[in-house]
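What you see below is based on every heavy atom in this structure, not just the backbone, and it leaves out hydrogens, waters and symmetry mates.
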Amino acid sequence: MASESRLYRWFNRRGWSDIVLAAPYVWLLVFFLIPFLIVVGMSVATRTPTAPPFGYGGENPLLNFEGYHRLFTDDLYIRAFVTSLVNAAVAMVLCLAIGYPMALGLTKVDTGWRNILLMLVILPFWTSFLLRVYAWMGLMGKNSWFNNLLTGGWNWLVPQDWAVTSIPMMYSNFAVVLVMVYTYLPFMILPLYANLERLDPTLDEAAMDLGTKPFGVFWDVTLPQSIPGIIAGGMLVFIPAAGELVIPTLVGDASSPMIGRVISDEFSQARDWPMASAVAVVLLVLMVGPTMLYSHYQARAVGADDPK
Amino acid sequence: MRRRPTFLITMLCFGFAFFYIPILSMIVFSFNNSRLATVWGGFSTKWYGSLFSNAQVGRALVLSLEIALLSATIATILGTMAGIALARFGRFRGRTAFSGLVTAPLIMPEVITGISSLIFFILLANYVGWPASRGFTTITLAHITFSMVFVTTVVQSRMLSADRAIEEAAMDLGSRPWQVMVDVTLPVISPAILSGWLLAFTISMDDVVISNFTTGPGATTLPILIWSKVKLGVTPDINALATLTVVTVGICVFTAGWLLNRAEKRRELERRLAYQINE
Amino acid sequence: MPKDAAPPPLIRVENVSKSFGTFQAVKNVSLTIDKGEIFALLGGSGCGKTTLLRMLAGFEETTGGKIFIDGQDMTGVPPWERPVHMMFQSYALFPHMTVEKNVGYGLKHEPMTAAQRQDRVREMLDLVQLTPFATRKPHQISGGQRQRVALARALARQPKLLLLDEPLAALDKKLREHTQFELMSIQERTGVTFIVVTHDQEEAMTLADRIAVMDRGEVKQIGPPGDVYEFPNSRFVAGFIGSITALEAVVEAIDGVRTRLAVPALGGPVQARSVAGLSVGQTVTVAIRPEKLAISRAPQTGDNVFEGEVKDLAYFGKDSLYRITMPSGALISVHAVNARRSAEGERVVDWYDKVWLSFDPTSAIILTA
Ligand SMILES: Nc1ncnc2c1ncn2[C@@H]1O[C@H](COP(=O)(O)OP(=O)(O)OP(=O)(O)O)[C@@H](O)[C@H]1O
Ligand SMILES: [Mg+2]
C-alpha cells in the first residue's frame, strides 16, 4: 500500500523483532558484560594510592599478575577458597539429606495437602533472606531458649566434666553451614520435587510386582530416575553458597572467612580493587564446572528434553 | 497395597519444623518485654511502638518500595522481550552469546555483581559524569539488570510450553508477527509475566548485597538498614519488623494461592460440565 | 459333573468386592481359573477389569471376599511376595535401564548365579525375538517391541500367573492381530496361566479358553467363547458380544424342546429352543443374531418365516449387511455371506425389495434377564 510509511514497513518486516531483541541485549551488554569485563581487566591492574585506587598502563605495568600470584601463594586466600568450597559442599549434602525425603514425601501426600505444603516450602522465599538469617542469630546466641535446650541436652548426655554453660554455635563454620542449609533448602526441594513428581508410579508397581520390596523399589527405580533433580538441586545450593557473603559476615568465623567476605573486605576495607577482582575472577572460574552441570541436568530434571 | 510412608511423613514434619520454628521464635520474641532479644521478659508490644515511631524505618521502606516497583516494571519489560527472543526467534545471529548473557547473572555471586556494578558506576561518574552520585538511580539500574534475567527464565519456559498452533492460526488469519505477539502470545503468557514481575519485585525488595555496594550516602533501603543493625547483633525491634514482614507476605501468598486455587477449581468444573454436555 | 477328579484350580476368587469410598468398582465376583488356561476379562470401559487385576497382583486390598492362588490365601500378601506378574497397560518399562536389564530385573530376587541369570535373559529375549535390541533403552525401540519387552520381563521369573492389562491396546490393527497369535504361541510354550484384560470382544474370543464378561463391577457370564456367543445368559452379554436383534415376546406354549412365542414386532409366532424355568404368559426377550437369518427374494413358507422390505444395505465384499423393515415397523438386521457371484441377469437383493427372512428354531435365543 502506498500510504504505508517506510518506517511502518520497516517495523512490520523485521523492525519489531530487532527492537525486541536489541533492547535487552544492549542493556545486558552495558550493565552486565561491560562491568564484568572491567573486573577482569581490573584483576591485572596495579593498585595505586589514587582515586580511583588503581592504575593501568603508564608508569604501571600493562599486565600486573601480582594479584593472581598472591592468591596462589598467600594461604589466606587458599584457606578462604577451601573453606568456601567445603562449607558449600557440606551444606549441599545436608540439603540433599533433608530435602530428598521431603520432596519425596510431598509427592506422596494427597493433592489438597500437597499444594498447601508446597506453598509453605516457597513461602520463606518471599520473606526477607536477611531476616531468615537473623532468626538463627537469635536462636544460636548464648542464653537463647534454643541454645539452652541444646546445652541441657548435652549436659544430660555427657559426663559432668564435659558440661558447658552454653554451646558456642555463633561465629563458626557450623553456624554458616546451618544457616545456609536453612536458607537454601527450598532450592533443593523444588527441583527435586519437580523431578520426582513426574515419575510414573506404575514403574514402582512394576518393580514390586517383579518381587522388589519398597526400599528396593526406591533404590532401583526412584533414585536412578531422580539423579538429574539431585544434581540440579545440588548445584542450585552449591553455587550461591560458595560465593555467599551475608551469612558468613553475620554468623561466620572472622578468622577463617569465606571467599565472598574476602572479596568484599579486599574491596571495601583494604581498597585493593585489583586483588578483589583477581579473587572474583578465580571464584568465577571455579564455578564454571558446577554451572555447566546445573544447566545440563536442570532441563532433564523436569523432562524438558525427554527423548520421546 | 498403599502403605503410609511413615518415614517420609516424619521427615516432612521435621523439615517444616526446621523451616518454621525460627520464624515462630522470632514472632514470639517480637512481643518480648526484655531488652535482651532472646530472653523472655513478659509480654509487650513496645517494639512495635518503637518501630512505628522510627522515621528512618519508614523512609527506608518507602525507598525500597519505590526502587522495587520501578526496577521490577522495567525488568519485566526487558526480561519479557529477552524471553520472547529466546523462545520465538529461532537461531538468530548472536543467539549463543545472548543466551549466555541471560544466564550469567543468574549464577553470578552477588558480591561479584556488586563490586563490578560499583566499579562501573564509579568509572562512569569519573569519565562520563553520570550518574553524578550513587543512590536511587544506581541501585535501580543494578536491580533491573540482575532481576530481568529471572523474568526471562519464567517467560521463556512458559512460552516454550505454550501451544504454537494458536500463533500460527493468528498469522494464518492475516496478522503480522508483531500483532500476533500482542494479540495472542502476550495475553496467553500474561500469568508468567505477572509472576515474573512479582519475582523481580521480591528480589529487589530483598536484596542487600548489591544495594549495599551500589548505594551512596543518604540512600538507605530497608534491607540496608536491617543489615547495618543486624551486623551489630540481635536487636528486638528487628523481631517486630520480621513479624510484620512474615505476616504481610504470608497473607499475600495465601490469598494469591487461594484465588488461584479457586480459579483452577472453577475451570475444572467448567471443563467437566462441558464434557457432560458433549456426551 | 464329577468335579472331584479334576485338579484344584490355580486361582480361586471368592465373592471379591472392592469399594473406593462409596463407589463399588467390583461387586461380589467369584471365579476359578485352571492351570495353563488363557482367561479373558471382557467388559466396557470402567467396568472394573483393571481393579480386579490389581487385586490379584496385590496392589489393591480387597474390601470383601478372598483370593486364593495355588490354594494359598492371598489376603495381606504384598505384591512382591506373590507368584503373579503383571504386564502393565502402559508397559511400565524402566526408562533408565536397557532392554536386557529390564528383562533381567525380576531375576535379581531369584537364587541364581550371574551366568544363569544371563542365560535366562537371553532365552527370554529369544522367545520374544528381541535379541538384537538387548542393549537399547526403552525409548529407542518401537511400540510393538516395547510390548514384547514388557512380556519378556513379566515372564522371566516364570510366574504361576501372568496378568495382562490390555496387552494389545496400544498397537495398530495389523500388529495387534499378529501379536495375538504370538501371545498364544508363547503361552503354549511357557505353559504359564494368563489372565488377559480386554474391551475388544474379538480379541477375547481369539485368545481365550474362557471369557468372563463384566458389567459395572459384576461378572455376568463365564464360559468358553462359543458358549458365551451362542448361549448368552442375559441381554447385556448377548448385546456386548457380537451384534443382536432383541425383540419383546410372550410365551404362548411350551412343548418339550420347543417353545412358541408371540412376537408382535415380527407379526407372527416364533418357534425357539426351550430354556429352563419358562411359564406360559411370561414376558421374555427373543434375540437373533444377524448371521443366523437367511434372506431370500423368493417367497418362503413354514415356521419362523417373515416378510419384510429392505430399508438399507451395506456391501462389504465378502458379505453384506441388510436392514429390513417389518410390517410392524420393527427393524431387523441380517448379515449374509456373499457365497456366490451373482450370475448375469440374476437380480441380487436391492433397496426396497420385498424379502423373506427365515431362521432355525435353535437360532432364536430366549433371554429372561
Ligand atoms: N483408585 C481409585 N479411586 C477411586 N475410583 C477408582 C480407583 N480406581 C478405579 N476407580 C474406579 O473404578 C472403576 C473401575 O475402574 P477400572 O480401572 O477397573 O476400569 P477398567 O475396567 O479397567 O476400565 P478401562 O477399560 O477403561 O481400563 C472406574 O469407574 C474407576 O473410576
Ligand atoms: Mg483398565
Select one option (side chain, backbone, both, neither) describing which atoms of Phe254(B) are under 4.5 Å from chain A's heavy atoms. both
Phe213(B) vs Ser264(A) side-chain heavy atoms within contact, under 4.5 Å: yes
Identify which part of Phe267(A) has an atom lying under 4.5 Å from any heavy atom of chain B, answering side chain, backbone, both or neither. side chain
For the candidates Leu222(B), Val209(B), Leu141(B), which exhibits the highest count of non-hydrogen atom pairs separated by less than 4.5 Å from chain A? Leu141(B)
Ranked by heavy-atom pairs below 4.5 Å to chain A, first place among Gly250(B), Pro177(B), Ser117(B) goes to Pro177(B)
Under a 4.5 Å heavy-atom cut-off, does chain A meet the side chain of Leu123(B), its backbone, both or neither? side chain
Roughly how far, to the nearest 0.5 Å, is the CD1 atom of Ile115(B) from the CE atom of Met42(A)? 8.5 Å
Between Leu284(A) and Met108(B), does a side chain to side chain contact (heavy atoms under 4.5 Å, CB included) hold up when you go through it step by step? CA-CA 8 Å; Leu284(A) 278 178; Met108(B) 182 75 86; 3.5 Å; yes
Out of Leu120(A), Ile122(A), Leu245(A), Leu283(A), return the one with the most heavy atom pairs under 4.5 angstrom to chain B. Leu120(A)
Is chain A contacted by the side chain of Phe146(B), its backbone, both, or neither, given a heavy-atom distance below 4.5 Å? neither
Tell me, out of Leu28(A), Thr127(A), Ile34(A), Asn148(A), who's got the most heavy-atom pairs with chain B below 4.5 Å. Leu28(A)
Heavy-atom cut-off 4.5 Å, strictly under: side chain, backbone, both or neither for Phe146(A) against chain B? neither
Please classify the contact of Val246(B) with chain A as side chain, backbone, both or neither, using a heavy-atom distance under 4.5 Å. both
Looking only at heavy atoms, which two atoms of Gly15(B) and Met102(A) are closest? And how far apart? CA-SD, 3.5 Å
Which atoms of Pro290(A) come close to chain B, meaning under 4.5 Å heavy atom to heavy atom: side chain ones, backbone ones, both, or neither? neither
For Met205(B), is it the side chain, the backbone, both or neither that has a heavy atom under 4.5 Å from a heavy atom of chain A? neither
Minimum heavy-atom separation for Ala97(A) and Met11(B), please, with both atom names. O-CE, 3.9 Å
Going through the distances and angles, do Thr103(B) and Thr291(A) end up as a side chain to side chain contact (heavy atoms under 4.5 Å, CB included)? CA-CA 10 Å; Thr103(B) 354; Thr291(A) 306; over 6 Å; no
Under a 4.5 Å heavy-atom cut-off, does chain A meet the side chain of Ala142(B), its backbone, both or neither? neither
Taking all heavy atoms of Ala280(A) and all of Ile112(B), pick out the closest pair and write down the distance. O-CD1, 3.5 Å
Go through Leu104(A), Ile98(A), Ile259(A), Asn147(A) and name the one with the most non-hydrogen pairs under 4.5 angstrom from chain B. Leu104(A)
Between Val281(A) and chain B, which part of the residue has a heavy atom less than 4.5 Å away: side chain, backbone, both or neither? neither
Does the side chain of Pro24(A) come within less than 4.5 Å of Thr152(B)'s, by heavy atoms? no
Once rounded to the nearest 0.5 Å, what's the spacing between atom CG of Leu131(A) and atom CG of Asn239(B)? 9.5 Å
Centroid-centroid under 6.0 Å between Trp16(A) and Phe89(B) rings: yes
Answer with side chain, backbone, both or neither: which region of Ile203(B) has an atom nearer than 4.5 Å to a non-hydrogen atom of chain A? neither
Can you tell which of Ile239(A), Val39(A), Ile19(A), Leu250(A) has the highest number of heavy-atom pairs within less than 4.5 Å of chain B? Leu250(A)
Relative to chain A, which of Leu241(B), Leu199(B), Val230(B) shows the most heavy atom pairs under 4.5 Å? Val230(B)
Interface residue of largest heavy-atom contact number with chain B, from Phe125(A), Trp273(A), Phe54(A), Phe36(A), under 4.5 Å: Trp273(A)
Nearest 0.5 Å, please: how far is CE in Met148(B) from CZ in Phe31(A)? 11.0 Å
Structural part of Ser268(A) lying under 4.5 Å from a heavy atom of chain B: side chain
Report the option among Leu160(B), Asn212(B), Ile107(B) that has the most heavy-atom pairs separated by less than 4.5 Å from atoms of chain A. Ile107(B)
Scored by heavy-atom pairs under 4.5 Å with chain B, the best of Leu130(A), Thr249(A), Ile38(A) is Leu130(A)
Looking at side-chain heavy atoms only, is the closest gap between Trp126(A) and Leu198(B) below 4.5 Å? yes
Out of Trp178(B), Phe92(B), Phe120(B), which one racks up the most heavy-atom pairs below 4.5 Å with chain A? Trp178(B)
So, do Pro186(A) and Phe19(B) sit near enough that their side-chain heavy atoms are less than 4.5 Å apart? yes
Nearest heavy-atom pair of Leu8(B) and Pro101(A): which atoms, and what distance? CD2-O, 3.6 Å
Name the region of Val133(A), side chain, backbone, both or neither, that has any atom closer than 4.5 Å to a heavy atom of chain B. neither
The interface call for Ile238(B) against chain A, heavy-atom contacts under 4.5 Å, is both
Below 4.5 Å from any heavy atom of chain A, which atoms of Leu101(B) appear? Answer side chain, backbone, both or neither. both
Would you call the rings of Tyr182(A) and Phe18(B) parallel, tilted or perpendicular, taking 30° and 60° as the class edges? perpendicular
Under 4.5 Å from a heavy atom of chain B, the part of Leu236(A) involved: neither
Considering all heavy atoms of both residues, which atom of Ala85(B) and which atom of Leu21(A) are nearest to each other, and what is their separation? CB-CD1, 3.7 Å
At their closest point, which heavy atom of Gly260(A) faces which heavy atom of Val111(B), and how far apart are they? O-CG1, 3.6 Å
Tyr134(A) side, atom OH; Trp227(B) side, atom CH2 - distance, nearest 0.5 Å: 14.5 Å
Check the angle between the aromatic planes of Phe98(B) and Tyr25(A) and answer parallel, tilted or perpendicular using the 30° and 60° thresholds. tilted
Toward chain A, the part of Val208(B) with a non-hydrogen atom under 4.5 Å: side chain
For Met170(A), is it the side chain, the backbone, both, or neither that has a heavy atom closer than 4.5 Å to a heavy atom of chain B? neither
Supply the atom-to-atom distance Ser128(A) OG to Asp207(B) CG, rounded to the nearest 0.5 angstrom. 10.5 Å
Once rounded to the nearest 0.5 Å, what's the spacing between atom CZ of Arg132(A) and atom CG of Asp206(B)? 7.0 Å
Under 4.5 Å from a heavy atom of chain A, the part of Thr145(B) involved: both
